[in-house]
**Q** 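This is the structure I have questions about; it appears just below.
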Amino acid sequence: MNNSLIMGEFMRETISIAPPVVSVIIPVKNCRQYIDQAVQSVLSQSYQDFELIVVDDGSDDDDYTRLMSVDPRVKVIRLAGFGVSRARNVGMGIALGKYMAFLDADDVWFPGKLEAQVNYFDSHPEVGVVFGGFIRWLPEDNGSFRPATELMNFVPRDTGCDPDRSGWLYLRLMNGLLVGMNTAVIRRSIYESIGGFNESMRQAEDYDFWLKASRLMQMHSLAGPVALYRIHSASAMHRLASESGLASLLRSARLRWGLSQSDGQTMSVHQFSQRLGSVYFDHGYSHYWQGSLAVAHKAFAHSIGHRYRVVKSFAYLAMICALVLKRKIFQKIHIGG
């Protein structure tokens, strides 16, 4: 047989079995209303060398295996409802890519996002995570969402970084820097070093992952937004827990890694205490307006203990006491009547 024909056949086989450069992981749980839009935002990316792993975490609203017929690069894995961390970990466990990207089933990527991030990795070998900003996608008064195309812009391939959100980010993460899960792409080595998301955590598991990543390599944010984050009743920003998982996570991080990072920057004990106070104040504020007065009372007491917004915290405590007293009087009158 002609040598050129043999080589051509070999090259075709090599290309067909070569692993994708990027593995995109989408966990889904009962998100039939939005999943197709999320998937399409991936499939329509200008960068096409990827696999798309959809991890169905026990949904009962749709047969998500239908997505495999949309594109041969789509894989669907079925789990029995173990939580989003397990779903992401299973997706990463079977991923073949050099890089791993994350997207939630109700969010969408801007066009050009993936190509800009892969290009940035190629020219910045010191960086382990490339993320970006996101736009909060709020519902209209009638509950519908504006078309994504009205809110998105194309992300240029040569997009640079935002210097205020790039570098060794451990301390900036400790101080409240937000890394949107739906914006991030990581090197495989980050996953191999960390071992995935902490499945025992029910909140702040992504924050925990980024803190660990920030101890390993630099993290850079592209300049500008790269995704839409949909805000609705089931989204993470609407879920409140009685205890502040973030405060516990920050304390654990300090015990494990201290208050310094690889470039020599440090955070003072006072600054860390103020950060904890702000976390408790925000926790109390959210629960106060949700009507969870006992939780709010405890959180504001903690913020006072950290000398954070003391006057404001005392004011909320006074309002809570007044509301509790009013409820008791009302109940007494109602029972007595």
**Q** Rounded to the nearest 0.5 Å, how far apart are CD1 of I26 and CG of D104?
**A** 8.5 Å
**Q** Treating S273 as the side-chain partner and V269 as the backbone partner, does any N or O pair qualify as donor plus acceptor under 3.5 Å?
**A**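 Absent.
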**Q** If you measure from OG on S313 to NE2 on H297, what distance do you get to the nearest 0.5 Å?
**A**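 Here the interatomic distance stands at 11.5 Å.
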**Q** Between V324 and W289, is there a shared hydrophobic cluster once you connect ILVMFWY residues whose side-chain heavy atoms come closer than 4.5 Å?
**A** yes
**Q** Any cation-pi pair here, R215 with Y170, using under 6.0 Å and within 45°?
**A** yes
**Q** More than 12 heavy atoms of other residues, nucleotides or ligands under 6.0 Å from NZ of K298: is that the case?
**A**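 Open: at most 12 neighbouring heavy atoms sit under 6.0 Å from NZ of K298.
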**Q** Taking everything shown except N142 itself, do over 12 heavy atoms lie less than 6.0 Å from its CG?
**A** yes
**Q** Any donor-acceptor pair under 3.5 Å linking the side chain of D61 with the backbone of R32?
**A** yes
**Q** Donor-acceptor check, side chain of S292 to backbone of V295, threshold 3.5 angstrom: yes or no?
**A**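 Not at all, since once roles are kept as given, no pair shorter than 3.5 Å links the two residues.
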**Q** How about Y47: does its OH atom have over 12 heavy atoms from other parts shown lying under 6.0 Å from it?
**A**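 Atom OH in Y47 is packed in, count exceeds 12.
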**Q** What residue among D71, D36, D56 forms salt bridge (Lys or Arg N to Asp or Glu O under 4.0 Å) with R66?
**A**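 Result for salt bridge (Lys or Arg N to Asp or Glu O under 4.0 Å) with R66: D36.
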**Q** Just do the side-chain hydrogen bond (donor to acceptor under 3.5 Å, both in side chains) check on Q265 and R172 with the steps written out, would you?
**A** CA-CA 10 Å; Q265 293 189 47; R172 272 174 278 186; 5.8 Å; no
**Q** Ring-plane angle category for Y316 and Y288, please: parallel below 30°, perpendicular beyond 60°, tilted otherwise.
**A** perpendicular
**Q** What pair of heavy atoms forms the shortest contact from R187 to V127, and how long is it?
**A** NE-O, 2.6 Å
**Q** Cationic tip of R136 within the cone over Y229's six-membered ring, i.e. under 6.0 Å and within 45° of the normal?
**A**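 No, a cation-pi geometry is absent between R136 and Y229.
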**Q** Would you confirm whether D62, through its side chain, and Y64, through its main-chain N or O, come within 3.5 Å as a donor-acceptor pair?
**A** no
**Q** Any idea which heavy atoms bring G58 and K29 closest together, and the distance?
**A**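 In this case the closest contact between G58 and K29 is O-CE, 3.5 Å.
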**Q** Give the minimum heavy-atom separation between L211 and W257, together with the two atoms involved.
**A** CB-CZ3, 4.2 Å
**Q** May I ask you to check whether over 12 heavy atoms, not counting those of Q33, lie within 6.0 Å of atom CD?
**A**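 Not buried by this count: 12 neighbours or fewer within 6.0 Å.
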**Q** Give the C-alpha distance, both sets of side-chain angles, the deciding distance and a yes or no for side chain to side chain contact (heavy atoms under 4.5 Å, CB included) between Q37 and D106.
**A** CA-CA 8 Å; Q37 195 170 13; D106 51 357; over 6 Å; no
**Q** Ignoring hydrogens and angles, tell me if any N or O in the side chain of D57 forms a donor-acceptor pair with the backbone of G83 under 3.5 Å.
**A** yes
**Q** Determine, stepwise, if the pair Q261 / D263 fulfils side-chain hydrogen bond (donor to acceptor under 3.5 Å, both in side chains).
**A** CA-CA 6 Å; Q261 61 187 27; D263 60 0; 2.9 Å; yes
**Q** Taking the six-membered ring where the residue is Trp, are the ring centres of F110 and F154 under 6.0 Å apart?
**A** no
**Q** So S166 and S221, side-chain hydrogen bond (donor to acceptor under 3.5 Å, both in side chains) or not? Walk me through it.
**A** CA-CA 6 Å; S166 301; S221 171; 5.4 Å; no
**Q** For the pair L222 and F131, evaluate side chain to side chain contact (heavy atoms under 4.5 Å, CB included) and give the outcome as yes or no after the intermediate values.
**A** CA-CA 6 Å; L222 296 184; F131 62 105; over 6 Å; no
**Q** In Å and rounded to the nearest 0.5 Å, what is the CG to CD1 distance from N198 to I194?
**A**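 That separation rounds to 11.5 Å.
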**Q** Determine whether the aromatic ring centres of Y280 and F300 lie less than 6.0 Å apart.
**A** no
**Q** Just verifying a value: how many Å separate L276 CG and Q271 CD, rounded to the nearest 0.5 Å?
**A**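 Atom-to-atom, L276:CG and Q271:CD are 12.5 Å apart.
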**Q** Donor-acceptor pair, distance only, cut-off 3.5 Å: does the side chain of E205 make one with the backbone of S85?
**A** no
**Q** With distance as the sole test, does R146 use its side chain to make a donor-acceptor pair with the main-chain N or O of E140 at under 3.5 Å?
**A**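 Pair absent, no side-chain N/O of R146 close to backbone of E140.
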**Q** Are V84 and M181 connected in a single hydrophobic cluster, I mean Ile/Leu/Val/Met/Phe/Trp/Tyr linked by side-chain heavy atoms less than 4.5 Å apart?
**A**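 No, M181 and V84 fall in different hydrophobic clusters.
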**Q** May I ask you to test the W210-V129 pair for a side-chain heavy-atom distance under 4.5 Å?
**A** yes
**Q** Determine, for Y99 and R188, whether the Lys NZ or Arg CZ falls below 6.0 Å from the six-membered ring centre while staying within 45 degrees of the axis.
**A** no
**Q** Which heavy atom of I135 sits nearest a heavy atom of P225, and at what distance?
**A** CG1-CB, 3.9 Å
**Q** Is there a path of hydrophobic side-chain contacts, each under 4.5 Å between heavy atoms, that joins L96 and L43?
**A**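 Different clusters: L96 never reaches L43 through Ile, Leu, Val, Met, Phe, Trp or Tyr contacts under 4.5 Å.
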**Q** Any non-hydrogen side-chain atom of E199 less than 4.5 Å from a side-chain atom of N89?
**A** yes
**Q** Group every Ile, Leu, Val, Met, Phe, Trp and Tyr by side-chain heavy-atom contacts under 4.5 Å, then state whether V179 and M174 land in the same group.
**A** yes
**Q** Would you give the length of the straight line joining atom CG of D206 to atom CG of L178, rounded to the nearest 0.5 angstrom?
**A** 8.0 Å
**Q** Is there a donor-acceptor pair under 3.5 Å between the side chain of Q117 and the backbone N or O of T183?
**A**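 Looks like yes, one N/O pair under 3.5 Å.
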**Q** Decide yes or no for R251 and L255: does some side-chain heavy atom of the first lie under 4.5 Å from some side-chain heavy atom of the second?
**A** no
**Q** Counting only heavy atoms from other residues, nucleotides and ligands, does the tally under 6.0 Å from NZ of K75 exceed 12?
**A**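 Enclosed: over 12 neighbouring heavy atoms sit under 6.0 Å from NZ of K75.
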**Q** Determine whether R73 and Q48 make a side-chain contact, defined as any pair of heavy atoms from C-beta on separated by less than 4.5 Å.
**A**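 They are in contact (side-chain heavy atoms under 4.5 Å apart), so the answer is yes.
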**Q** Would you confirm whether the ring centroid of H232 sits within less than 6.0 angstrom of the ring centroid of Y34?
**A** yes
**Q** On a heavy-atom basis, which atom in E115 and which in S46 lie closest, and how many Å separate them?
**A** OE1-OG, 2.7 Å
**Q** Please assess F82 against V90 for the test side chain to side chain contact (heavy atoms under 4.5 Å, CB included), listing each intermediate value before the final yes or no.
**A** CA-CA 11 Å; F82 296 109; V90 168; over 6 Å; no
**Q** For the CG atom of L173 and the CZ atom of R165, what is their distance to the nearest 0.5 Å?
**A** 10.0 Å
**Q** Which heavy-atom pair separates Q45 from K113 by the least distance, and what is that distance?
**A**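 Closest approach of Q45 to K113: OE1-N, 3.2 Å.
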**Q** Which of parallel (below 30°), tilted (30 to 60°) and perpendicular (above 60°) describes Y120 and H124?
**A**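 Parallel, since the angle between the ring planes stays under 30°.
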**Q** Check for a donor-acceptor pair, side chain of S286 on one end and backbone N or O of H283 on the other, with a separation under 3.5 Å.
**A**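 Not a single qualifying donor-acceptor pair exists.
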**Q** Are M100 and V22 co-members of a hydrophobic cluster defined by side-chain heavy atoms under 4.5 Å apart?
**A**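 In one cluster with V22: M100, no.
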**Q** Are D107 and W137 close enough that some pair of their side-chain heavy atoms sits under 4.5 Å apart?
**A** no
**Q** Establish, yes or no, whether the cationic atom of R230 lies under 6.0 Å from the six-membered ring centre of F145 and within 45° of the ring axis.
**A**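 Yes; both conditions hold, so R230 lies above the ring face of F145.
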**Q** Do I53 and I94 come close enough that some side-chain heavy atom pair is under 4.5 Å?
**A** yes
**Q** Please answer whether the main-chain N or O of Q40 pairs with a side-chain N or O of W109 as donor and acceptor at a distance below 3.5 Å.
**A**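 The answer is no, because no donor-acceptor pair under 3.5 Å joins these two groups.
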**Q** Less than 4.5 Å apart, any side-chain heavy atom of S189 and any of M217?
**A** yes
**Q** Any side-chain heavy-atom pair from L103 and I25 closer than 4.5 angstrom?
**A**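 No - every pair of side-chain heavy atoms lies 4.5 Å or more apart.
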**Q** Could you walk me through whether N175 and R275 pass the side-chain hydrogen bond (donor to acceptor under 3.5 Å, both in side chains) check?
**A** CA-CA 6 Å; N175 208 32; R275 169 61 174 149; 4.8 Å; no
**Q** Are H302 and H306 close enough that their ring centers fall under 6.0 Å?
**A**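 No: the rings miss the under 6.0 Å criterion.
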